Amino acid sequence: MRNVTIDNVTDAVIGSLGKFGDITERQREIMTALVTHLHGFVKEVGLTHAEFLAACDYLARAGQLTNEKRQEFILLGDILGVEVLVDMISNPVTSNESESTVLGPFYRENPPVLPKGASTVQKAFDDQQTVYVEGYVRDVDGKPIVGATLDIWEDAPNGLYENHDPDQPDFNLRGRFETDENGHYALIALRPVPYPIPEDETAGELLHFMGHHPNRPGHLHFILQKAGYRPLITQVYDADSEWLDNDTVFAVKESLIGKFEKAPPGADTDLVLRFDFVLGTATEARLAAA
Ligand code: BEZ
Ligand code: FE
């Protein structure tokens, strides 16, 4: 192509795909759509050269910020609603299985393995409310799933996850539990509080550019796994929390909202949360993907 114009540049780039190297059909599909949408976006907004340079500088700064503690591009994807969209496409609800939602950047692998009913709380906070979390894990036909693991993690009453707070013990408010012979799980945790996602640097700039806020409603994170079933990455939201209707990362689903009730007199905790999960089978996941 020797005479590129506004009208033919998109076809020129798409026509170059695979010309000088082997690419897969998936690479072709992705690059064709990417170039089409990117060029369409640039034309639609009439992007100026100054704006193009500002965007390049912005992405470079986001890359420089990324390290093993902070993955800036996941955060940017979350703020733009991309992670929740990818999750919904990857995990369609085909039956009565529980809905998934975003993983977020604060999960740590291999949390402490704790017995049923144990507490994840390693440090007390003045304003904490303890909660007994319990429920059943079942398959889509209502049969209990025995020996399913549940990884759970949450922020402390100061709004910080332990790995971002030098004053919390290692793996505070994290644990791995297992369902018993009835598919029942139970643990003690703290009522999760709303918190702002990291809002300094490039994530904050994007929120500011969008006129949005950084806050998430109070939630408990879960990953449920059992061989033969589709893994479930999800969150349970506090029905009385602020920000349920305008979560900064758009991850709230009605079916994932749970009620933190006052515990009965004599109970070991201040509150009780009862929440059941339904796991789809791995076969259903394969069919849905197809
Ligand atoms: C979280 O829930 O931990 C989270 C999700 C998306 C972005 C930031 C935090
Ligand atoms: Fe979170």
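Since we're looking at a predicted model, the values are computed, not measured. Counting starts at 1 for both ligands and their atoms, following the listed order.
- Looking at Arg191 and Asp127, no side-chain N of the basic residue comes within less than 4.0 Å of a carboxylate O on the acidic one, giving no salt bridge.
- The residue from Gly77, Gly104, Pro105 that puts a heavy atom closest to atom 9 (C) of ligand 1 is Pro105.
- For the side chain to side chain donor-acceptor pair (under 3.5 Å) criterion with Thr130, the lone passing option out of Asp268, Asp270, Thr269 is Asp270.
- Take the N/O/S atoms of His219: the one nearest the Fe ion (ligand 2) is NE2.
- Applying the 4.0 Å criterion to heavy atoms of Phe106 picks out, from ligand 1, the atoms 3 (O), 9 (C).
- Counting only heavy atoms of the protein, atom 2 (O) of ligand 1 lies nearest to Arg216 NH1, 2.5 Å.
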Run the numbers on Asp238 and Lys259 for side-chain contact (heavy atoms from CB on, under 4.5 Å), then give the verdict.
CA-CA 6 Å; Asp238 179 349; Lys259 186 81 185 151; over 6 Å; no
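- Salt bridge status for Asp200 with Arg70: present, with a side-chain N to carboxylate O gap under 4.0 Å.
- The closest approach between a heavy atom of Trp153 and any atom of ligand 1 is not below 4.0 Å.
- Per-residue contacts place Leu75 under 4.0 angstrom from the following atoms of ligand 1 (heavy atoms of the residue considered): 7 (C), 8 (C).
- Neither the backbone nor the side chain of Glu83 has a heavy atom within less than 4.0 Å of ligand 1.
- Short contacts between ligand 1 and Tyr161, defined as distances under 4.0 Å to a heavy atom of the residue, involve ligand atoms 3 (O).
- No hydrogens or angles considered: nothing links the side chains of Gln122 and Arg174 as a donor-acceptor pair under 3.5 Å.
- Stacking of Lys43 on the aromatic ring of Phe41 is not recorded, the 6.0 Å distance cut-off and the 45° axial limit not both being met.
- Applying the 4.0 Å criterion to heavy atoms of Gln235 picks out, from ligand 1, the atoms 2 (O).
- Checked against the 6.0 Å centroid threshold, His164 and Phe106 count as a close aromatic pair.
- Atom 1 (C) of ligand 1 has its closest protein heavy atom at Tyr195 OH, 2.8 Å.
- Closest to atom 7 (C) of ligand 1, if we only count protein heavy atoms, is Asp78 OD2, 3.2 Å.
- At a heavy-atom distance under 4.0 Å, no atom of Ile74 approaches ligand 1.
- Contacts between Tyr107 and ligand 1, counted as non-hydrogen atom pairs separated by less than 4.0 Å, are absent for every part of the residue.
- Arg230 has a carboxylate O that lies under 4.0 Å from a charged side-chain N of Glu97, or vice versa, which qualifies the two as a salt bridge.
- At least one N/O/S atom of Tyr195, whether from backbone or side chain, sits less than 2.8 Å from the Fe ion (ligand 2).
- In this structure, Glu162 pairs ionically with Arg108, as a charged nitrogen and a carboxylate oxygen lie closer than 4.0 Å.
- When each atom of ligand 1 is checked for a heavy atom of His221 under 4.0 Å away, the hits are 1 (C), 2 (O), 3 (O).
- Close placement of the Tyr195 and His219 rings is indicated, their centers lying within 6.0 Å of each other.
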